[in-house]
Amino acid sequence: MPEAVQKPLPFGFQFLAGAIAGVSEILIMYPLDVVKTRAQLSTGTSTGIIGTMTSMIKTEGPGSLYRGILPPIMVEAPKRATKFAANEQYTTIYKKLFGFEKITQTLSIMTGVSAGVTEAVIIVPFELVKVRMQDKANLGKYNGTADTIRKIVAAEGTLALFNGLEATMWRHAVWNGAYFGLIFKVKDLMPKPKDPNQQRLTNFAAGTVGGIVATAFNTPFDVVKTRIQSYNGVGVRKYNWTVPSVALVAREEGFASLYRGFLPKVLRLGPGGGILLVVFETVSNFIRKNILKE
């Protein structure tokens, strides 16, 4: 069975642990996110991860692999704090509301979906700015994060920063539901850890499996989210609502196109999910032991 459930940290410490975990993951894995976005916006033949990175470094410079990283860094603290803190808060609420006596996989999925929707509302403007900056079609158009925001608001209005909110909710609800549900299941199947090193290994395995499966489920929603958010108000809007956009991509480009960018995405969010959980649990345990003296 999974290890005994510890009392949730106070929100401020949850925020700190989530921020450290999120920033650690993004600094390590971010170039794969840039490659993923380029692949999702493309309708031609993929050049692969190495080919895309090589081309970007050659034509745009090494810094292009971290293009648009400031918005994700800015949102990592509230995003990851929301992911874990909201998940724990929804766990408490749903246990009382639906009469769960203990944490189950069903409860983990329910709380993950709810946390994902909450997370999406917070991060959607940052996601939109990141997509615009990563888009190859916008090279030379934006000069940094603040300039990107200013030009989007001036040309499209403030509400344009929330384009793709519905698709972002789909993406995060599906990913978080699968991620937290799989974490519970993998921990349940693995031998109970006997020491901190085994605990970290268990967390990494659970987080990685959860990240891989969650990515397989949510990639179609991520593809259409990226396309929705890339629209800059010029010409006819091709993609708008999520489900019709998924059907449109599948019809015009084939079902496989809904998984454009899947390899860099899963290579990021698989191990990235493991890194995220390991760092979060490690920081949380450090806080419990050295600050809260539990």
Check: So Lys136 and Leu139, side-chain contact (heavy atoms from CB on, under 4.5 Å) or not? Walk me through it.
Finding: CA-CA 6 Å; Lys136 188 177 181 179; Leu139 293 180; 3.9 Å; yes

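- Atom CZ in Arg171 sits 7.0 Å away from atom OG1 in Thr226 (nearest 0.5 Å).
- Taking the side chain as every heavy atom from C-beta outward, Thr208 and Phe204 approach each other to under 4.5 Å.
- No donor-acceptor pair closer than 3.5 Å links the side chain of Asp135 to the backbone N or O of Val131.
- Just one of Ile152, Leu159, Thr158 meets the side chain to side chain contact (heavy atoms under 4.5 Å, CB included) condition when paired with Glu156; it is Ile152.
- In Asn143, the CG atom is not crowded: 12 or fewer heavy atoms of neighbouring residues, nucleotides or ligands sit closer than 6.0 Å.
- Just one of Leu27, Ile28, Asp33 meets the side chain to side chain contact (heavy atoms under 4.5 Å, CB included) condition when paired with Tyr30; it is Asp33.
- The line from NZ of Lys265 to NZ of Lys36 is 5.0 Å long, rounded to the nearest 0.5 Å.
- Between the side chains of Arg200 and Asn203, no donor-acceptor pair of N or O atoms lies under 3.5 Å.
- Linking ILVMFWY side-chain heavy atoms closer than 4.5 Å, directly or via other members, places Ile275 and Ile20 in a single hydrophobic cluster.
- Within 6.0 Å of atom CZ in Phe100, more than 12 heavy atoms from other residues, nucleotides or ligands are found, so the atom counts as buried in its surroundings.
- Here OH of Tyr179 is found 15.5 Å from CZ of Phe184. Values are rounded to the nearest 0.5 Å.
- Under 3.5 Å, the side chains of Gln134 and Lys130 contain no donor-acceptor pair of N or O atoms.
- Note on Arg227 versus Glu253: salt bridge recorded, some NZ/NE/NH1/NH2 to OD/OE distance being below 4.0 Å.
- Considering CD1 of Ile103 and NZ of Lys187, their distance stands at 9.5 Å, rounded to 0.5 Å.
- Between the OH atom in Tyr259 and the OG1 atom in Thr215 there is a gap of 10.0 Å [rounded to 0.5 Å].
- With hydrogens and angles ignored, the 3.5 Å screen pairs a side-chain donor or acceptor of Arg132 with a backbone N or O of Tyr231.
- With contacts defined as side-chain heavy-atom distances shorter than 4.5 Å, the pair Leu32/Met53 qualifies.
- Of the listed residues (His172, Glu127, Glu166), just one forms a side-chain hydrogen bond (donor to acceptor under 3.5 Å, both in side chains) with Lys225, and that residue is Glu127.
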